[in-house]
Amino acid sequence: MQKYDPASIEPKWQAAWEGAGTFEAVRDPSKPKYYVLEMFPYPSGNLHIGHVRNYAMGDVVARFKRATGHSVLHPMGWDAFGLPAENAAMERGVHPEAWTRDNIANMKQQFGLLGLSLDWTREFATCDVEYYGQQQALFIDFLEKGLVYRKAATVNWDPVDMTVLANEQVIDGKGWRSDAEVERRELTQWFFKISDFAEDLLTAIDHLDNWPDKVKLMQRNWIGKSQGLKFGFERSDGGDPIEVFTTRPDTLLGASFVGISPDHPLAKELEAGNPEIAAFNVEARKGGTTEEAMETAEKLGFDTGLKVRHPLNPDWELPVWIANFILMGYGTGAIFACPAHDQRDLDFCRKYDLPVIDTFFALGDDTPVTDTAFVPPKTEKVRFVDHFTGLAEVTGQEAIDATIAYAEEEGWGEGLTQFRLRDWGLSRQRYWGCPIPVVYCDTCGVVPEKKENLPIELPKDEGNKPIDFSVPGNPLDRHPTWRHTACPKCDGPATRETDTMDTFVDSSWYYARFTAPRAKTPTLAEDAEYWMNVDQYIGGIEHAILHLLYSRFFARAMEVCGHLPEAAIEPFDALFTQGMVTHAIYQTESADGRKQFHYPEDVELRDGGGYLKDGTEVTIIPSAKMSKSKYNVVNPLDIIGRFGADTARWFVLSDSPPERDVEWTASGAEAAFKHLSRVWSLCDRIDAMDTSAPGDGDEDLLRQMHKTIHDVTMGIETFGFNAAIAKLYAFTNVLSKSKASHGAQRQAIMALAQLMSPMTPHLSEDIWANQGGEGLCAEAPWPVADEAYLIEDSITLPIQINGKRRAEVTVSKDLPKAEIEALVLSQDAVKRALEDRAPKKLIVVPGRIVNVVI
RNA sequence: GCCCGAGUGGCGGAAUGGUAGACGCAGCGGAUUCAAAAUCCGCCGCCGCAAGGCGUGAGAGUUCGAAUCUCUCCUCGGGCACCA
């Protein structure tokens, strides 16, 4: 008897698939197409167990669709620009490109071990000049259509390193390297006009039927459509009015002060003549630019001494404050504060001792606001204290509408639809990204590069020397020659834009590029028509908002420029967001209270606890995100080396539902391997069987087989991979105990191999060949369940008494209701419970359950 | 701070209004073995000798019937625009 040996099986079948070109996507008009895409990886250099899960899922779909007669596109590429390459360059003195290319080579080799059904002929990296050159062409088209523009935006500025920081490089408000307090600073930057599509991006969500509700909700909230009032506060000193937008104009009578951002033009104007204000603004600009940092930072304010007039009462003056929690890039960069009905404003007013005026009360409760603001609900009735609209009991929405109508009538404000969605700032002051193809000319101003001059390549060095990444700042900026060029318009001397593009730009259209990866234009109409849209997109929930929204915007913008057909403006028909692979953390604490982490291989698990070799008990923190510093990272290569790729694939797909996190356990992986060995050795048994006599159990086995075909097919179609695998386990148990004939068993084994093949393709291929299957299992059509076997003649009905299961009865499937009722009432358990009384009610749900109500 | 999601045996989970705990792990008993590993067979929510009772984070509600729907609370996780 042979042993299951994945190390010999897996390379063999990988070579067979490659030789046959099984996974190359071809446009075949005779078949329905299916485009399955997993979010492409960042080439960190090493395959992570999370990758195995993500790509195993996509591969299940791809292989299943291939088997069910589709022409499948399942490509792979690399999201290769980004910060980690520059960090590596800084730390190790390697060039970002060299580092990235090495990583890609490593990861590609590791991906190869997994036996994924990928079309590698379409591979590209976003740092390939052939890719980012086309991205530059897109940028120029967008610019011509008015979809890109420049404006000032806030960045994190490290005053010591004199460099822009990514949010991730800001730790507790300080620069990660310098430890200096980060400031917010304004730079002129490029923006995509995603706000042009805000309404469409929002309403189109309604038609994304195969997206998770969770993601759709997050996108809706992100776009954040709101109706409000825009109006100006007249300044008492006669200066320009301060424009304000509010979604709660109904609380206007509770106004306490007018607040402006430290970056508001007025704040800057005041700064010039008042050193105190200048000093405050510097202080207020400290801290990161994230919404979280803004919202949780300690609230700081400065009374400018200016006054404005309340629009509803010219005699009522409000002070103007500068406040650090007001963001310039949001609305008009100025607000009116209503402390009684907004918690943030309330906190601020309590701190600076500003008045709090109640204008709403909950019905039946006139307690004035103290420490908790009362936000008037929009749809429930509340008591509106001031009666200028003539309404006493109104909903928040009615009050809002009445106030807007009043403002418009009186001519001091206008109703406005505002989106939370801000335009997408794409400029990055970094080297390792796609250069923005724009030139600045003293005579002609901002000029897009001519398309024939594309691609604008990143310089590999600093002219005469290698780029030194340890020097802060952008190497493109200090490059001796790169930025100097001729104006595309007047041919006079000009300078290039030295900012590069956000890496989100790279990933916003790669799915379209996969349809024609070698084209001399961003896309090719014929290929885009055939392959788009992505039928199934799979990736992490962490991309629920930005990447997916940007991609939806890009598809629309590309359609405007003629790079995608109109049908492809919503690029992902179905989306699946998978969970993480987690692993327990093993931790001990030293005498001084310092935490120490331990590698899983150093911990012995017994009696429900974990112990080190010297007997010390470790604390086990289950299901933690894998992190190198916590010593709980599982290397998939170790697993593949020990058990093979099929085991790794089988394990990450079993146990947990795919959208949820799965915890990696060594015992789980081992169990997966044991199971696959068991399936593999079932073949031996068959060969030893008598071939002639049909067995007694044939009917039973075939019934189970068809049920399993049905259940597993359903499971794969609905992303219930864990449930499908459970059915396969159950069927394996049935099969291994079956006394059915050789013929029936052989049929069952072939079906089992095929049903497992999306998950364990190598093993299945081997069984297929051993049992004399025709051609490759990967190219064989999917088995179809015979309906005749799925219908049971008799069914077991559970009997509930008052909703609790107390007995059961087996009846023929078309027994009339009256006879079922009689049968139920004759049951001992039912008689006992009834004690000669008649039941109050008898509910018979045909084919499901009976409930006796007493 | 704001937004979103998840809580079911010792553990991962199944069941999306109809028999709670499928399937797997761990554990227990047995077979095989000189012995062990591997393999195979069986048991396995909790309390109880049993009959029976209890049981899906907590509390309430809707329903003949709730893990599933509604409300309140608790705990954990994710996202928040320059990480990808």
Residues forming a ring-ring contact (aromatic ring centres under 6.0 Å, His included) with A/F719, sequence neighbours excluded: A/F576, A/F721
Counterpart residues, ring-ring contact (aromatic ring centres under 6.0 Å, His included), relative to A/H547 (two or more places apart): A/Y537, A/H543
Dot-bracket pairing map - RNA chain B, Watson-Crick plus G-U, both contacts under 3.5 Å, | cross-strand: (((((((..(((.....[....))).(((((.......))))).(((....)))..(((((..]....))))))))))))....
Pairs flagged by salt bridge (Lys or Arg N to Asp or Glu O under 4.0 Å) wherever residues 845-854 of chain A is involved - sequence neighbours left out: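 Every pair satisfying salt bridge (Lys or Arg N to Asp or Glu O under 4.0 Å) with a residue in residues 845-854 of chain A: there are none.
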Listed once per pair and sorted, the salt bridge (Lys or Arg N to Asp or Glu O under 4.0 Å) pairs that draw on residues 497-511 of chain A, sequence neighbours left out: A/R428-A/D502
Contacts of type side chain to side chain contact (heavy atoms under 4.5 Å, CB included), residue A/K225, not counting sequence neighbours: A/E199, A/L202, A/Q227, A/T417, A/F419
Spacing of A/N722 atom CG relative to B/A15 atom C1', expressed in whole Å: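 Interatomic distance, CG of A/N722 to C1' of B/A15: 12 Å.
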Non-neighbouring partners of [X] that pass salt bridge (Lys or Arg N to Asp or Glu O under 4.0 Å), sequence neighbours left out:
X	result
A/D347	none
A/K817	none
A/R150	none

Check: A/F192 ring centroid to A/Y550 ring centroid under 6.0 Å: no
Compile the donor-acceptor pairs under 3.5 Å between side chains in residues 76-86 of chain A and protein atoms, sequence neighbours left out, one pair per line.
residue: A/W78; atom: NE1; partner: A/E123; partner atom: OE2; Å: 2.8
residue: A/E86; atom: OE2; partner: A/Y431; partner atom: N; Å: 2.9
residue: A/E86; atom: OE2; partner: A/W432; partner atom: N; Å: 2.6

Nearest listed nucleotide, side chain of A/I849, among B/C83, B/G5, B/G18: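 Comparing B/C83, B/G5, B/G18 against the side chain of A/I849, the answer is B/G18.
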Check: A/Q219 side chain, B/C3 base, donor-acceptor under 3.5 Å: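 For A/Q219, whose side chain was compared with the base of B/C3, there is no donor-acceptor pair (under 3.5 Å).
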Anti/syn call for B/G9, syn if |chi| within 90°: syn
Letter per nucleotide, 5' to 3', of nucleotides 63-69 of chain B [B base touched, S only sugar-phosphate touched, - untouched; heavy atoms, 4.0 Å]: -BS----
Contacts under 3.5 Å, N or O only, protein and nucleotides 38-41 of chain B:
residue: B/C40; atom: OP1; partner: A/R678; partner atom: NE; Å: 3.4

Sugar-phosphate, base or nothing in reach of A/P41, heavy atoms under 4.0 Å: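 Result for A/P41 = nothing.
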